[in-house]
Amino acid sequence: MSRLIVVGGDAAGMSGASQARRLDPDLDIVVYERTNWVSYAACGVPYYVGEDVRELRQLQARTPEQFARTDIDVRLRHEVVAIDTSAKAVTVHDLDAGTSSQEQYDLLLYGTGARPLLPAIEGLDINGVFQVRTLDDAAAVRSAIGENPQHAVVVGGGYIGLEAAEAFHNLDIPVTVLEMAGTVLSRTMDPEMGELVASQMRELGIDVCTNTRVDRIAGTDSRVTGVEAAGITYPADIVVLGLGSAPNAELAKAAGIALGPTGAVAVDNHQRTSAEGVYAAGDCAEAINRITNEPVNLHLGTIANKQGRVAGTNMGGGDASFPGVLGTAITKVADIEISRTGLSLAEANAAGFDAVATGLRSSTGSHYWPKSTQMRIRTIVDRATGKLLGAQVVGGPGSGKRIDTFAMALWTGLTGADLEYVDLSYAPPFSGVWEPANIAGRKAASILD
Ligand SMILES: Cc1cc2nc3c(=O)[nH]c(=O)nc-3n(C[C@H](O)[C@H](O)[C@H](O)COP(=O)(O)OP(=O)(O)OC[C@H]3O[C@@H](n4cnc5c(N)ncnc54)[C@H](O)[C@@H]3O)c2cc1C
């Protein structure tokens, strides 16, 4: 019987294990996960903190017992500390027993995820300073919220920082977001759209400070008291860090498995790494950007699940290829919906396109529909071919998921002119008779005329 060892028991690892099991009932499958949790939704952590989700266990998709019913052996609190690709063995440390063992594999799925980036500043370990990445983090933040904090500071204005800010806002805890770039969401959205998000957040009463680099977190022995940035102290009795993440690729690197230019594990379209029998998927692995054809390392659950499934299909004896990514993502802050796909203008120009951006204002329903909300759409277009390269949406309820129309247009290589006449749905509660994507297509085409 062949043996599959999975390192990391979340989106990529468990998608891969489950899919391999579906295809090969005889495979011996063992999953090593170093935390207390398997198959959990990190994406739900901010919503648990903000009390949209009541119970922590709701964020767990399946338990070890449920996996055992499909003969997948999940070992929690077991850390893989070394991989020997020539002996096809891993060294596993049992964190509770304090013992180590060598385990042989025929197939290995490397799904170790990503870790938070931390700034080199004083005070990160002060009581009251949190990450919002794991379910244990979620429980710790909720418990601190139970102590009635008077002011929260979120360091970092990316997706996770904004979702954390929304959680505090929902709980009526005054919150300040400190972001060192000129706008929020600076790594994913064009500055014009980031600024729009920041200004709408300020209208909600969330204090957003851009161009603000944090120098130090201050506190007493027992508790955080504030965050210092550019000579100003922002008072805080709870601080959340959301400063981005880096792939957990060290274990692979130490095993001689090739990393790509992004620093994540290099994979082919079958999720195979450079080592015989070793696959990688999820946040720790690269993916090909379908527009630039260059490897990227994006930390999105959508990609982790799909890559895990592709790896599982191939490990289970099937044949699947991962088709690449666009970086389509969505979030919200209260009623502000924010989404993006493809390249930003800066990314497009950096990739060598002669790109141009065009924007429009539209609404989520007919002008006379009482619940219509406003939205701003920005599209990035290649002057040479007229093809769409990217899109971003900021607007009220009903606007964000419109990004999926643009993602499909990018996926299939549509030009703005193609998108103008795509047959999209209409009724007054849902859009104008020209769906905003049709209008965006027309604008994208006309800017080239
Ligand atoms: C707060 C938050 C919100 C998010 N929201 C969204 C969202 O709305 N939409 C979206 O698409 N994505 C979102 N994401 C990203 C998404 O959660 C990740 O992309 C996804 O979880 C990646 O899955 P993964 O399996 O690759 O890695 P992970 O989920 O990080 O899992 C890797 C697992 O490997 C374990 N591990 C690592 N090394 C070892 C080792 N040596 N031995 C044993 N175990 C090991 C880790 O403990 C971890 O459990 C969010 C992430 C966070 C933190």
Side-chain angles (χ1 to χ4, degrees), residues 5-17 30-50 53 59-61 74-83 90-95 103 108-117 130-138 141 154 156 158-167 188 240-252 254-255 264-265 267 271 280-287 297-309 311 325 327-332 338-340 400:
I5 286 184
V6 177
V7 191
D10 197 23
M14 298 320 294
S15 296
V30 184
V31 179
Y32 294 113
E33 166 55 51
R34 64 186 175 192
T35 68
N36 296 309
W37 300 93
V38 67
S39 196
Y40 54 91
C43 314
V45 166
Y47 304 106
Y48 173 77
V49 169
V53 177
L59 298 185
Q60 190 166 32
V74 177
R75 312 265 180 96
L76 297 180
R77 296 194 48 78
H78 280 67
E79 181 168 14
V80 173
V81 293
I83 303 169
V90 294
T91 307
V92 188
H93 193 50
D94 180 334
L95 298 174
E103 302 293 336
L108 184 85
L109 175 56
Y110 188 84
T112 54
R115 64 175 179 285
L117 288 172
F130 299 98
Q131 305 280 342
V132 281
R133 295 198 66 84
T134 65
L135 300 202
D136 291 337
D137 294 337
V141 180
V154 173
Y159 286 114
I160 292 176
L162 262 46
E163 289 173 6
E166 178 191 37
T188 46
V240 164
L241 305 173
L243 292 153
S245 44
N248 282 328
E250 291 73 12
L251 192 58
V265 179
V267 286
Q271 302 302 132
D283 288 3
C284 62
E286 292 189 330
N297 176 232
L298 303 178
H299 300 167
L300 289 167
T302 46
I303 299 172
N305 276 280
K306 289 171 187 145
Q307 286 190 327
R309 188 179 173 87
V325 299
T328 309
I330 185 166
T331 191
K332 73 177 204 49
I338 306 151
S339 54
R340 57 96 63 211

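Counting starts at 1 for both ligands and their atoms, in listed order. Along the sequence shown, residues carry numbers from 1.
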### Task
Compile the protein residues with any heavy atom at a distance under 4.0 Å from an atom of ligand 1; present them by chain, then by number.
V7, G8, D10, A11, A12, Y32, E33, R34, T35, Y40, A42, C43, P46, H78, E79, V80, G111, T112, G113, A114, V132, R133, I160, E163, L251, G282, D283, H299, L300, G301, T302, A304
### Separation of F130 CZ from D136 CG (nearest 0.5 Å)
12.5 Å
## Note on the structure
The side chain to side chain donor-acceptor pair (under 3.5 Å) partner of S245 among R115, Q131, H299 is H299
### Rounded distance [0.5 Å steps], OH in Y40 versus CD in Q60
10.0 Å
### Task
Kindly write out the residues that satisfy side-chain contact (heavy atoms from CB on, under 4.5 Å) with A280, not counting sequence neighbours, or none if the list is empty.
Y110, V265, V267, T273, A285
### Message
For the CG atom of L241 and the CG atom of L117, what is their distance to the nearest 0.5 Å?
### Response
11.0 Å
### Query
From I160 CD1 over to R133 CZ, what is the distance, rounded to the nearest 0.5 angstrom?
5.0 Å
